[in-house]
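The structure appears below as structure tokens.
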Amino acid sequence: MRVFGLEEHFVTTNVIDAWSTLAPEWQDLAQKASSSGESGRRLSEIGEERFKAMEEAGVDVQVLSLTAPGLQNLSPAVAVPLQVETNDLLASAIRSHPDRLQGLATLATAAPDAAALELERSVTKLGLNGVMLFGRTRERNIDHPDFWPVFEAASALRAPIYLHPQSPLPVVRAAYYDGLGQGVDAAFATHRIGWHYETGIQLLRLIASGVLDRFPDLQLIVGHWGELVLFYLERLEPLADMAKLKRSLSEYIRSNVFVTPSGMFSHNYLRWAVETVGVDRILFSTDYPFERGGSRSFLEKIELSETDREKITFGNWERLCSDIRR
Ligand code: GRE
Ligand code: ZN
């Protein structure tokens, strides 16, 4: 059994420095965990410590991506050179360890035309296997027409887009997540639900806005078992008619979306994903280094046939990558 992890992060000093120059309202809540403590240290290392952790987790290949929120809230002047530098660095790490590492590009979405060109370079010249996007770019939601050049490029390349959380806007945090006390507020706005509403909404916006009708070949990968959307698929279905979409909501989910655990190693969630999207649409991920432990035993205890388990751990990813046009 070969195991690919699809949401496995890294960070660089230059990215952390760029984040720290932002006005406070654009400094993401995840920034602290990305730049300090054990997670900060692990993110900045691409070497033996990471490979040892992969072994413990039962992961053979990490598909690396920059940690949240990537370069999306940086100004074009800062983000455009940084996307090139970061993707070059990622490609160089992969060249040093081609049997252990693959990668997803990072993009300066505030400069959509430059981002689209960089996606093309990342896939065709650097050998990266798609891109990770973090929902909004400041106040602009992911479906904003400004970002269509990126979707056009991803669609032409058949390059998958991993849709990752970022923290809700400051105004949303103040309205919905603050006031429960120090320690609770930041968690509530991020991995203890805020991220998942935020990202589920970005996914639904991509569908309801018609972006998937315009670019029907796009393949999205969504972490945390589909960012709540799978659990409410039946409830949400009427949106498709209201938005005058070409297909039903469940058809978009079943033909344009893959889901991964992001370190949420729950067999209940896995069973639900198998029931709603099917084994052909499930990939594996650990969200290194944020969720550690439980990966290996989760994989060992998957109650599916060996064939189905192999689809999840590598077959579906290899199929997706084989469609990429270099
Ligand atoms: C995550 O991906 O889960 C994450 C980040 C950055 C900080 C904390 C965190 O990307 O959990
Ligand atoms: Zn993550």
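Counting starts at 1 for both ligands and their atoms, in listed order. For the numbers below, each heavy atom of this structure counts, side chains included, while hydrogens, waters and symmetry mates do not.
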Under 6.0 Å between ring centres: does that hold for Tyr177 and Phe188?
yes
Can the ring centres of His97 and Phe51 be said to be less than 6.0 Å apart?
yes
Salt bridge Arg121-Asp88, side-chain N to carboxylate O under 4.0 Å
yes
Pairs in or reaching into residues 101-110: which pass side chain to side chain donor-acceptor pair (under 3.5 Å), with residues at least two apart or in two chains?
Gln102-Asn129, Gln102-Trp317, Thr109-Thr137
Consider only side-chain N and O atoms of Asp323 and Gln219, and report whether a donor and an acceptor are under 3.5 Å apart.
no
What pairs with Glu303 under side-chain hydrogen bond (donor to acceptor under 3.5 Å, both in side chains), at least two apart in sequence or on another chain?
Arg271
Ionic contact status for Glu49 with Arg42, cut-off 4.0 Å:
yes
Compute the ring centroids of Tyr162 and Phe258, then answer whether they are less than 6.0 Å apart.
no
List by chain and number: which residues place a heavy atom under 4.0 Å from ligand 1?
Glu7, His9, Ala30, Ala33, Ser34, Thr67, Ala68, His164, Trp195, Asp287, Phe290
Less than 4.0 Å between a side-chain N and a carboxylate O, is that true for Glu251 and Lys246?
no
Under 2.8 Å from the Zn ion (ligand 2), protein N/O/S atom count?
4
